[in-house]
Number of protein chains: 2
Amino acid sequence: MITKTEVKYIQSLAHKKFREEEDTLVAEGVKMVDELLSDFPDQVKKIYATAEWLKYGRKIPKGISCIEVEQYELDKLTFLKQSNQVLALVHLPALKIPSPMGVLLILDQIQDPGNLGTLIRTCDWFGISGIVCSPDTADAFSPKVVQSTMGSIFRIPVLYTDLVPYLEKMKDMPVFGATLDGDSMENIPFSKPCCLVIGNESKGISSPVLAAVSQTVSIPRRGGAESLNAAVAAAILLSKITS
Amino acid sequence: MITKTEVKYIQSLAHKKFREEEDTLVAEGVKMVDELLSDFPDQVKKIYATAEWLKYGRKIPKGISCIEVEQYELDKLTFLKQSNQVLALVHLPALKIPSPMGVLLILDQIQDPGNLGTLIRTCDWFGISGIVCSPDTADAFSPKVVQSTMGSIFRIPVLYTDLVPYLEKMKDMPVFGATLDGDSMENIPFSKPCCLVIGNESKGISSPVLAAVSQTVSIPRRGGAESLNAAVAAAILLSKITS
């Protein structure tokens, strides 16, 4: 049983300001919440679950309150198209400063939450050191981003900061910038540590950030498309750089 | 000025059956419609546009009826989160049989329209011969897929058919299947022509299709994520195969 106040509270977590004030984000679905309880139990604050989820006798650490809800109640709370048995309130991951060793992904004004989530998940796959985002990149802790990271948001350090001063401090390592007319990635001898900059979905890398890039890089085009999706382009380049 | 009947007609184009009966799909936004008029003018049947779009004096071929609408009318028609000046009704691209030369992408039960659109766009970038989809893959002509292909849907042949008999006919070329435990892509000497099979977002390649694969292939994992997004995995493998 949930109260109107609880419904309103959870709905308010759609807003960045409220998430930060409350140090709380929403994570949903069987797979995601099971992974959280297994890998990051200290992050979980509260669980709302249907009898279906509860009947499998998950180990829920002491101190996490777990509330049984009806399906129609979960449907009121969910940020998904379709609710999936369980919703958790979770502490925000600390905004850590990524290690400048290895590969850093730099995001300049990525707008689409689905793209950002996919980027975080891809970085986790390739063992990237962390992600540095311009302040106007989508918020990594919004329900849609958290969901599309599939848990990776709790493993990959993400930092929001002004990119130009940040990149100026990185002057002793190569800063690659993905552009449509850059040098072909097939001809570049990538070395680590390095930074890879990915720009906005329609406008690409902004001029001041591009000026801080030491080498532009492109993915060879063999067909008719004008561009690649930003998350796809980043994934292809990260695969190449880490290979 | 649009009539209620027109609004209802366009809304019905959300449904596959109706799109096929009417031989019509919806494409939206300035960039998309401009590209259609420039590259595929014969495909366009009708245009609904605001004064803002019309004032730039686009060349609209004879025979395409172009109706000026108010912003609030376009807002009623749009399938986008936010309408963008113009919406076109377009003939369905012919469901061509892709050439078995070069690289063929085989999709087994891809469910997410955004993923499918991104896959089509990526295939267009890499000059892939075409895409063969299982009958239960998302429909390539739904508004969301069309929009996320960014125009590539008109350049890449897409075919829906039962995959097992189709792959049996392809027995004289290698059929690679992306799995989490396949051989590392770094150790495979890819050659063309070939097929690459990508499976469902959560379940992977189905057993009968997997049995028709001649070699499984994986992308080296260097971090903690359990899997990659299906469109991202396909893009990395297509980049490798076509390089």
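Proteins come first, then strands; the chains are lettered A, B, ... in the order of their sequence lines, and each starts at number 1.
- Both the backbone and the side chain of A:Ser227 come within less than 4.5 Å of a heavy atom in chain B.
- The choice from A:Gly224, A:Ser152, A:Ser239 that makes the most heavy-atom pairs within less than 4.5 Å of chain B is A:Gly224.
- Taken from SG in A:Cys123 to CZ in B:Arg222, the straight-line distance is 13.5 Å, to the nearest 0.5 Å.
- A distance-only check finds no donor-acceptor pair linking the side chain of A:Trp125 to the backbone of B:Asn229 [under 3.5 Å].
- Shown are A:Glu35, A:Met150, A:Arg121; of these, the side chain to side chain contact (heavy atoms under 4.5 Å, CB included) with B:Glu226 is made only by A:Glu35.
- When heavy atoms are compared at a cutoff of 4.5 Å, A:Ser243 approaches chain B by way of both its backbone and its side chain.
- Pairing each heavy atom of B:Ala235 with each of A:Val232, the nearest pair is CB-CG1, 3.5 Å.
- Here the CD1 atom belonging to B:Ile236 is positioned 6.5 Å from the OG1 atom belonging to A:Thr122, to the nearest 0.5 angstrom.
- Atom CZ of A:Arg221 sits about 13.5 Å away from atom OG1 of B:Thr242, to the nearest 0.5 Å.
- Looking only at heavy-atom pairs under 4.5 Å with chain B, the residue among A:Ala231, A:Ser148, A:Ala225, A:Gly127 that has the most is A:Ala225.
- Both the backbone and the side chain of A:Ile219 come within less than 4.5 Å of a heavy atom of chain B.
- Using a 4.5 Å cut-off between heavy atoms, A:Lys240 makes no contact with chain B at all.
- Among the residues in residues 173-198 of chain A, those with a non-hydrogen atom closer than 4.5 angstrom to a non-hydrogen atom of chain B are A:Leu180, A:Met185, A:Glu186.
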